[in-house]
2 protein chains.
Amino acid sequence: MKPDTRSALMEAAFGLVRRQGLAATSVDQICAAACVSKGAFFHHFKSKDELAAATAYHWSAVTEPFFEAAPYHTPDDPLERVLGYIDLRREMMAGEIAEFTCVAGTMVQEAWATSPAVRCAAWDSMSRHADALVADIEAAKAARGVELDARGLALHMVAVVQGAFILAKASGDPGIGAESAAHLRRYVEQLFAPAPDLRSAKPGD
Amino acid sequence: MKPDTRSALMEAAFGLVRRQGLAATSVDQICAAACVSKGAFFHHFKSKDELAAATAYHWSAVTEPFFEAAPYHTPDDPLERVLGYIDLRREMMAGEIAEFTCVAGTMVQEAWATSPAVRCAAWDSMSRHADALVADIEAAKAARGVELDARGLALHMVAVVQGAFILAKASGDPGIGAESAAHLRRYVEQLFAPAPDLRSAKPGD
DNA sequence: GACGACATACCGACTGGTTGGTATGTTCGC
DNA sequence: GCGAACATACCAACCAGTCGGTATGTCGTC
């Protein structure tokens, strides 16, 4: 047995999907990129759809350790950790667009209605990512006496990042995505800033 | 000649692309939805790619009058107009997801690297949309003595909306997208709020 | 240890349907 | 009559998936 054919296929899909989307990525292309035959592909995955959903879960499995190991966790101040995450996101929006954009976000944009498995897997990926931010947001809230929905803010952060990727793709300029991340940082700073008129209940309410 | 076959094809593409993405939308499907033959399709468009790019431009042509006619333009206060735009966006994120999401954003997510024509058209659509917000942002800046890059903020607003669509698609819940729009409103309120320590030059600087 | 049964992993040719597009024919409007 | 608009038949390439096969590993029995 070759070392982990299944992972090789999914990781081959990362690159292809980020560059051309899910539907335009064929099974043959994935097999070629992973140096695996089509028979082996269908041994491991019942269908292309199953590969796609598994790839979104695998995306989380690969990126989670990266974010967990990132230096933004080091400050004692939880708000600095939240802002550090945003800064990391901003710094990542540089160079090759296909290298910093999100596999799950890309796939769900096309397949949300036609593949429940992909939608579910992508949502799992995104909500897990948001969940990983919630503890620091909660701690920052407690430290500063701020009232807000931590998970709502975390999901908003995910949305901004996903939207920034689309802007970077459309403009061909990673800087435009990074600019949106800078706005997000500014927003979070303001949310937790020690000014009395900024401590309202919930955004929009 | 039937009334505007060309537009019928592009508008048929709106629905199909929003529901299943660009690559998964076939020329046959577009023709069937527009009740047009394939021969007529290829009379009007040299290729599927040309149809796609034209569809992104057409998306702007159709949505711009809608936004121009929207009631958020009525307040005298330019900030209220900006916030009104955001509120409109938030209100639109309700009901059927395929009915409120963006054709240009969906297409560019897949095709940004493989179709320069689609990327260019989608970017045109998005930047025009942002440009339409710039005058009000500039006026709000002038009225409140706030220093910021108006176009940068407008593009950020576009990014948030696009990201909110992805979150709505992934979660299956328009409310999660609307929540992100509420955060955006809160951010813009804060940017223009009359507090001295909030009047810095540029987000992140 | 040898053997057979079974499981797993992998292979590449093949299948039937679909695809974007082409070629040719017909109708319509001027 | 002519060109634009449209229709239908056809095409080669492509697609996800199937199939019969090989190779290897594991386990139980003798």
Side-chain angles (χ1 to χ4, degrees), chain A residues 1-17 19-56 58 103 106-107 110-119 121, chain B residues 1-17 19-56 58 103 106-107 110-119 121:
Chain A
M1 181 172 89
K2 286 198 203 169
D4 206 1
T5 300
R6 193 177 156 91
S7 295
L9 287 164
M10 292 190 285
E11 282 156 32
F14 288 173
L16 289 161
V17 164
R19 186 157 181 83
Q20 59 194 28
L22 175 60
T25 293
S26 68
V27 170
D28 279 336
Q29 284 176 318
I30 294 166
C31 294
C35 301
V36 173
S37 72
K38 210 155 173 185
F41 177 101
F42 284 104
H43 173 80
H44 287 278
F45 300 100
K46 283 202 267 299
S47 65
K48 183 183 173 185
D49 194 59
E50 185 178 296
L51 172 276
T55 296
H58 192 62
V103 173
T106 301
M107 289 200 289
E110 317 169 45
W112 63 277
T114 51
S115 169
V118 168
R119 188 193 69 74
Chain B
M1 178 173 89
K2 288 199 206 168
D4 207 1
T5 300
R6 193 177 156 90
S7 296
L9 287 165
M10 292 189 286
E11 283 156 32
F14 288 173
L16 289 161
V17 164
R19 185 157 181 84
Q20 60 195 28
L22 175 59
T25 294
S26 67
V27 171
D28 279 338
Q29 284 176 320
I30 295 166
C31 294
C35 302
V36 173
S37 70
K38 207 158 172 185
F41 176 101
F42 283 105
H43 173 80
H44 288 278
F45 300 102
K46 283 202 269 297
S47 64
K48 183 184 173 185
D49 192 58
E50 185 179 294
L51 172 276
T55 295
H58 192 62
V103 173
T106 300
M107 289 201 289
E110 316 169 45
W112 63 277
T114 51
S115 169
V118 167
R119 188 194 69 76

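Here the structure is a predicted model, which is why all the values come from computation and not from measurement. Numbered from 1 within each chain, the chains take letters A, B, ... in sequence-line order.
Going from atom NZ of B/K46 over to atom CZ of B/F41 covers 12.0 Å, rounded to the nearest 0.5 Å.
If you measure from atom CD of B/E50 to atom P of C/dG21, you get 10 Å, rounded to the nearest angstrom. To the nearest angstrom, C1' of C/dT8 lies 14 Å from CG of A/D4. Distance CZ (B/F45) to P (C/dG21): 13 Å, rounded to an integer number of Å. B/F42 places its CZ atom 12 Å from the P atom of C/dT19, with the value rounded to the nearest Å. Counting to the nearest Å, the P atom of C/dT8 and the CZ atom of A/R6 are 14 Å from each other. Following rounding to the nearest Å, B/F41 (CZ) and D/dA7 (P) show an atom-to-atom distance of 14 Å.
Residues meeting the salt bridge (Lys or Arg N to Asp or Glu O under 4.0 Å) test with B/D49, sequence neighbours left out: none.
Annotation: A/R119, atom CZ; neighbour count of heavy atoms from other residues, nucleotides and ligands within 6.0 Å is above 12.
Looking only at distances, no side-chain donor or acceptor of A/E110 sits under 3.5 Å from a matching main-chain atom of B/E110.
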Give each protein N/O atom lying under 3.5 Å from an N/O atom of nucleotides 10-15 of chain D, with the pair distance.
none

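Side-chain contact between B/T55 and B/V17 is absent, with no heavy atoms from C-beta onward closer than 4.5 Å. Residues B/T106 and B/L22 are not in side-chain contact: their nearest non-hydrogen atoms beyond the backbone lie 4.5 Å or more apart.
Between B/H44 and D/dC6 there is a side-chain N or O to OP1 or OP2 distance below 4.0 Å. Contact annotation: B/T5 reaches the phosphate of D/dC6 (side-chain N/O to OP1 or OP2, under 4.0 Å). Remark: B/H43 is in phosphate contact with D/dA5, judged by side-chain N or O atoms under 4.0 Å from OP1 or OP2.
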